[in-house]
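Below is one structure; the comments refer to it alone.
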Amino acid sequence: MTIRTRIAPSPTGDPHVGTAYIALFNLVFARQHGGQFILRIEDTDQVRSTRASEEQILESLRWLGLGWDEGPDVGGPHGPYRQSERMSIYQQHARQLIESGHAFYCFATPDELDEMRREQQARGETPRYDGRGLELSPSEVQRRLGAGEPHVIRMKIPAEGVCVIDDMLRGKIEIPWSQVDMQVLVKADGMPTYHLANVVDDHLMEITHVIRGEEWISSAPKHQLLYRYFGWNQPLFCHMPLLRNPDKSKLSKRKNPTSINYYRRMGYLPEALLNYLGRMGWSMPDEREKFSLAEMLTSFDLQRVSLGGPVFDVDKLNWLNGQWLREDLSADALVQRFRDWAFNVDYLGQIIPHVQKRIHTLSDVVPLAGFFLAGMLDVKAQDFENAKLSADQVRQILQFSSWYLDGERAWNIENLSAGLTTIAQAMDIKMRDFMIPIFVAIAGKPQAPSITDAMGILGADISRARVRHALGVVGGPSKKEVKAWEKQYRAIFTSDSDAGE
RNA sequence: GUCCCUUUCGUCUAGAGGCCUAGGACAUUGCCCUUUCACGGCAACGACAGGGGUUCGAAUCCCCUAAGGGACGCCA
């Protein structure tokens, strides 16, 4: 049997280091066994999936050196590799489950279900689908289908007993069926949910080992049951520990830069980032810290994965990156890397027009535009002091801006200007004054080329991180303030729907 | 709240019953190298969550408790 693994990212946001982490282990496991590693795009969420996100994810993984044998860009014998292009396959399989009596139609509206869950919670029960769709008579179902009523398809779940999941790392995991919901398989828009699509595709694509994050353990019973319903052999499951923030919660962009692009723009080497990810939950048999993908491949042993959730520690990543920079690159090679990173026509070409009017000599460029080549800026609380704004106003400006920037999905100058203007107006602060702390946060000083242009050039990742860093320097909201501020912030954007989250 | 997963220095980890007086790495501190800073070298600090078993012997196996985390969506 040929070992086949996959990474199945959802193109709904920035390329996440967690995706790279799981991809790494899937790739290494497959290659080590002479198998294949495939990439599948899980874009069944029509609302949030974008082609731009998909392209970025592919590009980021390629940058890291994680290549796949089959995927939407390279093709393969089991395509298409984009779930939105496999609709008929899911419909056919969903129909099969209806016919075999393993799934049923449900006409409940989202509002109706929200209310049901609220009532259940009020009664102290676990929110759970109550099976109302099951009580409809076949003729009633036919009538409503015929009338074109919106509906979903849900899977049936055993009323009692326990489901046993065999995990390659954790052994047998027992989950009572009473804990498992009658999951929606096909949404009202006709798209399958992850649960259906993932099982159907993994089977059709002949995936033998599903290595994924720990967050999936609780839905594994549904997946296992679907394999049974279809009469298929199921792949082996392996749930990896989740990457964590320093406070141990699941790694999130609220608390940490999670985008691969961030690390790229900060100037980490792909080899080093990959190496670091390989050290998360895994160790070389000889305990060496620094190793290449090729070395990891030859020494890999899944059993060496440790299950405690590893904290993503930037200090150690910095050290490791330094090791790679010093030990694996000649001075000439480093020159090349440096040029490719930011001293290239593409990047410099965006920056120079903004400084041209402001310089007298070429040597003025770096003092003026050096912040375009920097990572985090060394700003102090006093850098934010100014006559126009109180300290609290500065803090609030940075917090609101940070929230806004984190939520802005279409990162372009027009949107950024509009978003920041909206906040300034709501706070009743003149734009000129409002921008002072933003200038300091992004450029390190209160005067610089247009700051929205600068944010556009720097990109979302570095810009967000700098604003967040600045907020940390001046002091973010206290626990008390957070609540009030969040409320105010929401009020700013409720009438203006294209920004915020 | 319910279910599930996890638990070795602050952090990443080694450790598959005796090799453990628990090893390495990052961070921190000190010293050396050095015109400075870094790099590098040396050293120090620092952990088996708690309680019960099993065993001649437990960081390692079992149970309980606690803590942390995850899931509970027509998101993935």
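In the text below, chain A, chain B and the rest are named by the order of the sequence lines, each starting its count at 1. Predicted model, so just to flag it, every value in this text is computed and none were measured.
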(Q) Of the options B:rG70, B:rU13, B:rU11, whose atoms approach the side-chain atoms of A:L242 most closely? (A) B:rG70

**Q.** Counter-base of B:rC26, judged by Watson-Crick or G-U geometry with both distances under 3.5 Å
**A.** B:rG10

Q. Would you say A:S283 reaches B:rA14's phosphate, i.e. side-chain N/O to OP1/OP2 under 4.0 Å?
A. yes

Q: Could you please name the partner base of B:rA38, counting Watson-Crick and G-U wobble pairs only when both distances are under 3.5 Å?
A: none

Q | Polar side chain donor-acceptor pair, A:E70 to A:Y81, under 3.5 angstrom | A | yes

(Q) Classify A:S218 by what it touches in the nucleic acid, base, sugar-phosphate, or nothing, heavy-atom distance under 4.0 Å. (A) sugar-phosphate

Q) Hey, does the Lys NZ or Arg CZ of A:R154 hover above the aromatic six-ring of A:Y105, less than 6.0 Å from the centre and inside 45° of the axis? A) no

**Q.** Salt bridge A:R132-A:E135, side-chain N to carboxylate O under 4.0 Å
**A.** no

Q) Between A:W232 and A:H203, how do the two ring planes meet: parallel, tilted or perpendicular, split at 30° and 60°? A) parallel

Q. Given that A:I217 and A:S249 both sit by RNA chain B, which one's nearest nucleotide is further toward the 5' end?
A. A:I217

(Q) Let's see if you can work this out: which of B:rC26, B:rU6, B:rC3 has an atom nearest to the side-chain heavy atoms of A:L307? (A) B:rU6

Q) For A:R212, which contact category applies under a 4.0 Å heavy-atom criterion: base, sugar-phosphate, or nothing? A) nothing

Q) Should B:rG17 form a Watson-Crick or G-U wobble pair with both distances under 3.5 Å, which nucleotide is its partner? A) none

Q: Would you mind pulling out the nucleotide paired to B:rU54, Watson-Crick or G-U wobble, both distances under 3.5 Å?
A: none

**Q.** Under 3.5 Å on both distances, the Watson-Crick or G-U partner of B:rU2
**A.** B:rA71

Q.
Any side-chain N or O of A:Q183 below 4.0 angstrom from OP1/OP2 of B:rA71?
A. no

Q. What orientation do A:F237 and A:H223 show, parallel under 30°, tilted 30 to 60°, or perpendicular over 60°?
A. tilted

Q: Quickly work out the A:I173 CD1 to B:rC4 P distance and round it to whole Å.
A: 10 Å

Q: Answer with base, sugar-phosphate or nothing: what part of the nucleic acid does A:G322 contact at a heavy-atom distance below 4.0 Å?
A: nothing

Q. What distance, rounded to whole Å, do you find between the two P atoms, one in B:rU13 and one in B:rC56?
A. 36 Å

